[in-house]
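See structure below.
Keep in mind the model is a prediction, meaning the values are calculated, not measured. Indexing begins at 1, ligand by ligand and atom by atom, following the structure's order.
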Amino acid sequence: MDKIKIPKATAKRLPLYYRYLIILNEEGKAKVSSTELSEAVQVDSASIRRDFSYFGALGKRGYGYDVKNLLTFFKKILNQDTLTNVALVGVGNLGRALLNYNFKRSNNIRISCAFDINKEITGHILSGVPVYDMSDLKQQLSDQQISIAILTVPSSAAQKTTDDMVEAGIKGIMNFTPIRLSAPADVRVQNVDLATELQTLIYFLDSDKAKESDF
Ligand code: NAD
């Protein structure tokens, strides 16, 4: 499939659409309207139509979208028909929770190996995932052709670990540490921060309240 250039906001919404389409398909529904999708995924229907328009004529106005067609299409775009193995570096409180979760609702992503420096856990299997010593990083990533890693080490070790991961060939890092990592331009870093997410939620609730009191 040709690479389609789509806005970031659209790309973020694709997994939402995809998950809902799976549910519809399992329920045996053949068609879905943008209004129906809109209610289910909480995205306004104009944005949905615009998002879908980036992928060409996938639906007809007033007729709805064909669920199976959309599913096949999104599956390809989201690479859902290939399994992506990812590594987890730092098997502490957060790392173990993620290992235990291990993307159970996805058939296409899994943490297949974990790394730590703590000799008490290296060489063991936790939640079905082998935990290796950091000295095995390069070899394992190359053997398993892994290019994405989840980073859950203490802040003090974050940059050094990032350098090691980059040297070992990692191209995408999901960074749970509070450190803003420096990495080469061809390495993507996605920062995950629960405090920021909560802060955003608090901001929206406060501004909703302010709007209500304006009336
Ligand atoms: P933790 O201390 O329980 O676990 C850290 C693990 O990393 C330990 O197993 C330790 O042995 C290992 N480690 C230390 N140095 C290492 C190195 N050089 N290479 C490989 N492994 C190494 O910490 P935690 O509570 O699990 O938190 C982990 C990170 O996640 C911290 O940076 C914390 O600030 C962050 N965190 C982020 C969020 C968020 O919302 N983004 C939430 C909680 C924690």
Check: With Arg96, which residues qualify under salt bridge (charged side-chain N to carboxylate O under 4.0 Å, His left out), at least two apart?
Finding: none
Note to self: List the residues meeting salt bridge (charged side-chain N to carboxylate O under 4.0 Å, His left out) with Lys119, not counting sequence neighbours, and say none if there are none.
What the structure shows: Asp133
Distance dump, ligand 1 polar atoms to protein, N/O, under 3.5 Å:
| residue | atom | partner | partner atom | Å |
| --- | --- | --- | --- | --- |
| ligand 1 | 3 (O) | Asn93 | N | 2.9 |
| ligand 1 | 3 (O) | Asn93 | ND2 | 3.0 |
| ligand 1 | 9 (O) | Val91 | O | 3.3 |
| ligand 1 | 9 (O) | Gly92 | N | 3.4 |
| ligand 1 | 9 (O) | Asp116 | OD2 | 2.7 |
| ligand 1 | 11 (O) | Asp116 | OD1 | 2.6 |
| ligand 1 | 26 (O) | Asn93 | N | 3.1 |
| ligand 1 | 26 (O) | Leu94 | N | 2.7 |
| ligand 1 | 32 (O) | Val153 | O | 2.8 |
| ligand 1 | 40 (O) | Leu194 | N | 2.9 |
| ligand 1 | 41 (N) | Phe176 | O | 3.0 |
| ligand 1 | 41 (N) | Val192 | O | 2.7 |

Notebook entry, point to check: Under 4.5 Å between side-chain heavy atoms, hopping through other hydrophobics if needed: is there a path connecting Leu126 to Val86?
Noted result: yes
Check: Tell me the side-chain hydrogen bond (donor to acceptor under 3.5 Å, both in side chains) pairs involving residues 166-175, sequence neighbours left out?
Finding: Lys138-Glu167, Lys171-Asp186, Asn175-Thr177, Asn175-Asn191
Note to self: Could you check, using the six-membered ring where one of them is a Trp, whether Tyr20 and Tyr18 have ring centers closer than 6.0 angstrom?
What the structure shows: no
Note to self: For a 4.5 angstrom cut-off between non-hydrogen side-chain atoms, does Asp193 reach Gln199?
What the structure shows: no
